[in-house]
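Nothing fancy with the numbering, it's 1 onward along the sequence. Reckoned from all heavy atoms, side chains included, excluding hydrogens, waters and symmetry mates.
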Amino acid sequence: VYKRQPFDDEPDVRRPRRRALVGLVAVAGFLLASVIVTTFDDGESGPSRPDTSGLASVEPGSLPDTVTEAWSTLFAGTGGDVATSLLVEADVAVVVIDDGSRSRSLVAAVDLTTGEQLWRRSFPYSPSELDPLLVEDDVVVIEQNDRLTSNRLIGLSASDGSDRWERRMRGVSFSGVLDGTSLVANIDGDESTETAFYAPATGEAVGAIDGDFTTTDLDGRWYFATGATLASVELSDGWTEPVTEVSLLDVVDQGVVSVDGRLIAVDALGRPAEVDADGDFTALRADDVPAITAMWPSGGRTFVGIGDGQVFGVELLRDAAVLTWRRDAAVRQFGLTDEGLLLVIGDADSDTSRLVIDGATGDELASFVPQVPGSGAVRFASDGFVTSPNGSDHEAFDVEGNPLWSLEDAGKIAVGDDFVVGLADTAGGFRVTGYESRNAN
């Protein structure tokens with residue numbers, strides 16, 4: 001474990017505030033979208049939507065210390081849970097399941113306090129096309145996207161499921177939420193790189209920027225690259241106009257991150273350098289740092305780099321980048337907590353064991369072995385994470401890697417504030433179960 005006492009004028013501020021940490025998830029997902037929009041499923045279903053769950057799945061809520069079943073409710077269904085989805089925000093759980101008819105879905109809301117089914121709606125789309133994005137201002141925002149001909153945002157009343165608004169999106173585009181804000185972002189996945197932002201309460205567009213996501217400062221500011229210009233947008237309190245940060249930046253394809261108020265780019269040799277407003281490089285001493293092909297901020301003065309089959313941590317000093325840890329592995333997933341970036345890593349050539357590690361220190365927090373092909377995703381919360389080796393059994397840990405609780409046969413889960421909801425496929429239908437802390441009043 002690497003530890004270093006900070007200089008007197010360098011307070012140890014590795015741990016960022018929570019306010020907009022989860023924005024990095026959207027950055028990663030949308031960057032992935034720009035890469036895979038020309039990929040087709042079986043040659044006929046159109047461009048694939050970005051699998052953000054494969055990179056990170058961050059919950060806005062916090063994990064309970066212990067869990068006990070609070071309520072359970074049953075929805076009739078066909079027994080096909082592959083495309084079901086679950087969102088827990090505010091005081092409701094929103095579920096999407098197959099309603100039993102061809103190419104139709106049931107969308108329903110459940111009260112987190114009582115387990116009461118608040119409302120249910122049927123939509124003429126398959127469950128794989130529907131993705132609940134957020135609950136804000138008593139509105140549930142759902143994306144409908146068949147990746148080929150139909151793409152829209154739908155706003156429903158969180159109280160009774162009635163229609164609030166509906167907006168058609170561009171044909172090949174994908175929507176997501178920059179957490180820490182109240183906005184829905186839609187990125188064009190066709191030829192342009194424009195990202196438009198929508199207000200959940202009304203569905204109205206509030207702003208747009210033409211550029212690729214590049215990085216975030218982990219505190220509400222996102223960076224976009226358009227040609228040779230790098231601009232930032234402060235989104236923690238809603239939409240603000242973009243501000244040019246770098247006027248002539250020739251390193252966008254090689255990477256740039258915002259670390260502790262400094263913009264760090266990768267030069268042609270894969271070495272880290274600081275970039276000023278004119279795009280000029282100041283080389284950093286980085287004797288032990290491997291050549292970088294990708295990087296993400298991990299909190300405070302640290303960032304995570306990838307290169308040459310390795311994953312490694314780097315800390316910025318005054319004029320140097322210091323290697324703090326290094327592992328021979330591939331990044332399978334990452335997510336953010338109040339304590340910074342966590343990584344899920346594994347062997348680059350196999351689908352065997354997984355390690356959850358602290359991005360700033362490289363400390364191992366948990367390990368597990370995926371038991372079902374395609375399973376093994378980790379769900380991150382504000383104060384910990386949950387491993388799911390087979391997609392139905394779950395083990396929860398705090399940010400230090402201390403075990404909290406386990407659930408068996410809970411199905412898919414989502415995390416609210418000190419509350420967990422499971423969506424399980426059973427012989428009698430789809431069972432939604434709420435779990436609260438045993439110490440809850």
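Between the CD atom of E241 and the OG atom of S232 there is a distance of 12.0 Å, given to the nearest 0.5 Å. Note that OG1 of T337 is 8.0 Å distant from CG of D383, once rounded to the nearest 0.5 Å. Put simply, OG on S298 and CG on L336 are 9.5 Å apart, with the number rounded to the nearest 0.5 Å. To the nearest 0.5 Å, atoms CD (E339) and OG (S382) are separated by 10.0 Å. The CD1 atom of I209 sits 9.5 Å away from atom CD of E194, with the distance rounded to the nearest 0.5 Å.
Nearest heavy-atom pair, V88 versus G416, reported as atom, atom and distance to 0.1 Å: CG1-CA, 3.7 Å. Nearest heavy atoms, A381 versus V415: CB-CG1, 4.2 Å.
Between F385 and F397, the angle of the ring planes stays under 30°, which puts this pair in the parallel group of the 30/60° scheme.
Annotation: side-chain contact (heavy atoms from CB on, under 4.5 Å) contacts of D280 (sequence neighbours excluded): D276, D278.
Each of P127, S122, S85, P124 was scored for a side chain to side chain contact (heavy atoms under 4.5 Å, CB included) with S105, with one residue passing: P127. Remark: of the listed residues V94, L87, L134, L134 is the sole one forming a side chain to side chain contact (heavy atoms under 4.5 Å, CB included) with V141.
Side chain of T324 to backbone of G313: a donor-acceptor contact under 3.5 angstrom is found. Checked by atom type and distance alone, the side chain of Q310 never pairs as donor or acceptor with a backbone atom of F312 at under 3.5 Å. Formation of a donor-acceptor pair under 3.5 Å by the T244 side chain with backbone atoms of S247 is not found in this model.
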Chi angles and distances behind the salt bridge (Lys or Arg N to Asp or Glu O under 4.0 Å) call for R164, D138: CA-CA 10 Å; R164 287 289 188 86; D138 194 42; 3.2 Å; yes

